[in-house]
Amino acid sequence: MTAVFSNTVRKVSLVLALTTCFAAVSSTASFAFSSEAQQQCTGDAFRLCSSEIPNIPKITACMVKHRSDLSQGCRSVMDREFAAQKGKLAAQ
């Protein structure tokens, strides 16, 4: 019974951590990441910026600061989305 309870607590903790990370990576005051970015960058956010969770602006700044350490998939998605965001701001 204790093993079942521990396993359940572990799963709930993992879900809460992932949810927090998705929320942190998915939006900022000035930038919202796509679901593709969430999928590609969640591991990087935990690996590189876990100390910043749940502070969304700090996580974003951390990911930008560690751009060279990001996985190729995350870096590609972030570069594409930042370029699109800059294009939208320039058009305004």
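If you take NZ on Lys58 and SG on Cys49, they are separated by 12.0 Å, rounding to the nearest 0.5 Å. If you take CE on Met78 and OG1 on Thr60, they are separated by 7.0 Å, rounding to the nearest 0.5 Å.
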Would you please test Asp69 and Arg47 for salt bridge (Lys or Arg N to Asp or Glu O under 4.0 Å) and show each step? CA-CA 10 Å; Asp69 299 319; Arg47 181 172 53 88; over 6 Å; no

Does Glu36 form a salt bridge (Lys or Arg N to Asp or Glu O under 4.0 Å) with Arg80? I'd like the steps, not just the answer. CA-CA 11 Å; Glu36 181 185 7; Arg80 186 172 60 240; 2.8 Å; yes

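Take Ser76 and apply the side-chain contact (heavy atoms from CB on, under 4.5 Å) test, not counting sequence neighbours, and it matches Gln72.
Listed here is the closest heavy atom pair of Cys74 and Met63: SG-CE, 3.9 Å.
Under a 3.5 Å cut-off, the side chain of Asp44 and the backbone N or O of Ser71 do form a donor-acceptor pair. Of the possible polar contacts, none joining the Arg67 side chain to the Arg75 backbone as a donor-acceptor pair under 3.5 Å is found.
Shown are Gln40, Gln39, Gln38; of these, the side-chain contact (heavy atoms from CB on, under 4.5 Å) with Val77 is made only by Gln40.
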